[in-house]
Amino acid sequence: MLQLTDVSSPTEAIRLKQANTSADVDGQDFGNGTLFIAESCVTWQRESDGQGLNILYPCINCHAISRDLHFFPHECLHLMVEQAQGEEGQGDECREEEGGSTVLNVRFIPLDKNMLQPMYTAMSQCQALHPDPVLEAGEEGEFNDLEEEDEEEEFYYDGEEGAAHLTPAGRARLARFEAMLQTGDAGDAHTGGVNGEGVEDQFEDADME
C-alpha cells in the first residue's frame, strides 16, 4: 500500500494546484491537503503535517472522474495505481518484470466539486507526456512497424467509436486492462485514461473528454 512520507510540493511545470482536497487509498482516509498535478508526477501533501503521496505517471494505469456514490461516498478523481508487490512508499518500482504487482485505488476528493473536470483534464495532459516505454518500443518487435500518423494519434477518446482508432499499443493496453477487470484485480475502477491510452466508456460514472 502507498504510505505517507515527507514530500515536497513540485515547483516546476505545475498544471493544477488544488487546496482543500482529501486523499483516500483503498478506503483509508488520509485527511485534507493540497493536490499538485505536475508534468513530472502527482503529489498530494497533507495540511496538518506536510506528509503525503508522490505518484509517478508510469504507475498510473487509469484515471477518471467518479460520481457514482454507490461505489464511493464522494465524487472524486479516481486513480488506479500499480505498485510492485512487497514495495513500500511511493511505488517508484511500479513495473517490475518479476514478482508481480498490485493495483491500488487512490481517490482525491476536492471540497469544490466543480474542480473535478479541471483536475481530470490536467491529469490527462500530463499522462500523455509519459507513454509506456515498453509498448512504445514494442514487445518483441510487435509494434515496431507503426506508421508515423499512428504514433501521433490522440491519447484519449470517448466511447466505443474511438476504439477503432487506437494504435496497436493502445489496443494492447485496452486488452490488458479488460483482463484486469475480468479477474477482479482492478477493484471498483471506473475508466478514464490508461497510461497514455484510452479505454472504452464502460462505466456510467466516468466522465471523459
Side-chain angles (χ1 to χ4, degrees), residues 1-4 7 9-10 13-47 51-83 90-91 94 102-130 155-159 173 177 180-181 186-209:
M1 179 176 177
L2 290 175
Q3 301 293 325
L4 292 180
V7 296
S9 58
I14 299 174
R15 295 292 184 99
L16 184 142
K17 175 182 177 181
Q18 184 60 33
N20 295 317
T21 299
S22 57
D24 180 285
V25 178
D26 279 349
Q28 182 176 356
D29 183 3
F30 285 151
N32 189 53
T34 300
L35 176 67
F36 300 86
I37 300 177
E39 293 182 0
S40 59
C41 61
V42 176
T43 300
W44 177 83
Q45 190 171 42
R46 189 159 61 185
E47 181 179 335
Q51 289 197 320
L53 305 170
N54 191 61
I55 305 172
L56 304 180
Y57 287 104
C59 300
I60 302 173
N61 280 351
C62 76
H63 64 277
I65 295 174
S66 177
R67 300 187 188 277
D68 191 338
L69 302 186
H70 290 92
F71 288 97
F72 189 72
H74 306 285
E75 296 180 23
C76 61
L77 181 66
H78 183 180
L79 281 62
M80 291 177 58
V81 179
E82 184 176 354
Q83 185 179 36
Q90 306 310 305
C94 55
T102 185
V103 176
L104 306 174
N105 293 292
V106 180
R107 296 176 172 92
F108 296 114
I109 308 104
L111 181 63
D112 182 0
K113 298 303 184 289
N114 292 324
M115 291 304 299
L116 282 170
Q117 185 59 49
M119 288 163 59
Y120 173 82
T121 299
M123 276 286 304
S124 298
Q125 293 170 345
C126 294
Q127 187 82 20
L129 300 176
H130 299 269
F155 287 100
Y156 297 87
Y157 67 87
D158 294 331
R173 287 192 182 92
F177 185 69
M180 291 170 60
L181 289 175
D188 61 353
H190 318 301
T191 58
V194 177
N195 194 27
E197 299 287 352
V199 297
E200 295 181 41
D201 188 8
Q202 304 173 39
F203 299 90
E204 294 180 357
D205 69 320
D207 289 356
M208 303 176 64
E209 294 181 313

Compile the donor-acceptor pairs under 3.5 Å between side chains in residues 109-116 and protein atoms, sequence neighbours left out, one pair per line.
residue, atom, partner, partner atom, Å
Asp112, OD1, Asn114, N, 3.0
Lys113, NZ, Pro110, O, 2.9

task: Grab the two heavy atoms, one from Gln51 and one from Val7, that are nearest each other, plus how far apart they are.
output: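 Scanning both residues, the minimum pair turns out to be C-CG2, 4.2 Å.
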
Looking only at heavy atoms, the pair that brings Thr21 and Phe108 closest together is CG2-CB, 3.9 Å

Among all residues two or more places apart in sequence or in another chain, which pass the side-chain contact (heavy atoms from CB on, under 4.5 Å) test with Ser40?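 With sequence neighbours excluded, Ser40 shows a side-chain contact (heavy atoms from CB on, under 4.5 Å) to Ala38, given in chain and number order.
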
What is the distance from atom [atom1] of [X] to atom [atom2] of [Y], rounded to the nearest 0.5 Å?
X: Cys59; Y: Leu104; atom1: SG; atom2: CG; answer: 10.0 Å
X: Glu82; Y: Thr102; atom1: CD; atom2: OG1; answer: 9.0 Å
X: Gln28; Y: Leu4; atom1: CD; atom2: CG; answer: 7.0 Å
X: Gln117; Y: Leu77; atom1: CD; atom2: CG; answer: 10.0 Å
X: Ile55; Y: Cys41; atom1: CD1; atom2: SG; answer: 9.0 Å

According to side chain to side chain donor-acceptor pair (under 3.5 Å), who are the partners of [X], at least two apart in sequence or on a separate chain?
X: Asn20; answer: none
X: Ser22; answer: none
X: Glu75; answer: Arg67

Is any side-chain heavy atom of [X] closer than 4.5 Å to a side-chain heavy atom of [Y]?
X: Asp24; Y: His74; value: no
X: Tyr120; Y: Ile37; value: no
X: Ser9; Y: Thr34; value: no
X: Leu53; Y: Thr43; value: no
X: His63; Y: Ser124; value: yes
X: Phe72; Y: Asn105; value: no

Donor-acceptor contact below 3.5 Å, side chain Gln18 vs main chain Pro118:
no

For residues 30-46, the salt bridge (charged side-chain N to carboxylate O under 4.0 Å, His left out) pairs (sequence neighbours left out) are Arg15-Glu39, Arg46-Asp49

- Query: Can you say whether the rings of Tyr57 and His130 are parallel (under 30°), tilted (30 to 60°) or perpendicular (over 60°)?
  - Reply: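 Ring orientation of Tyr57 relative to His130: parallel.
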
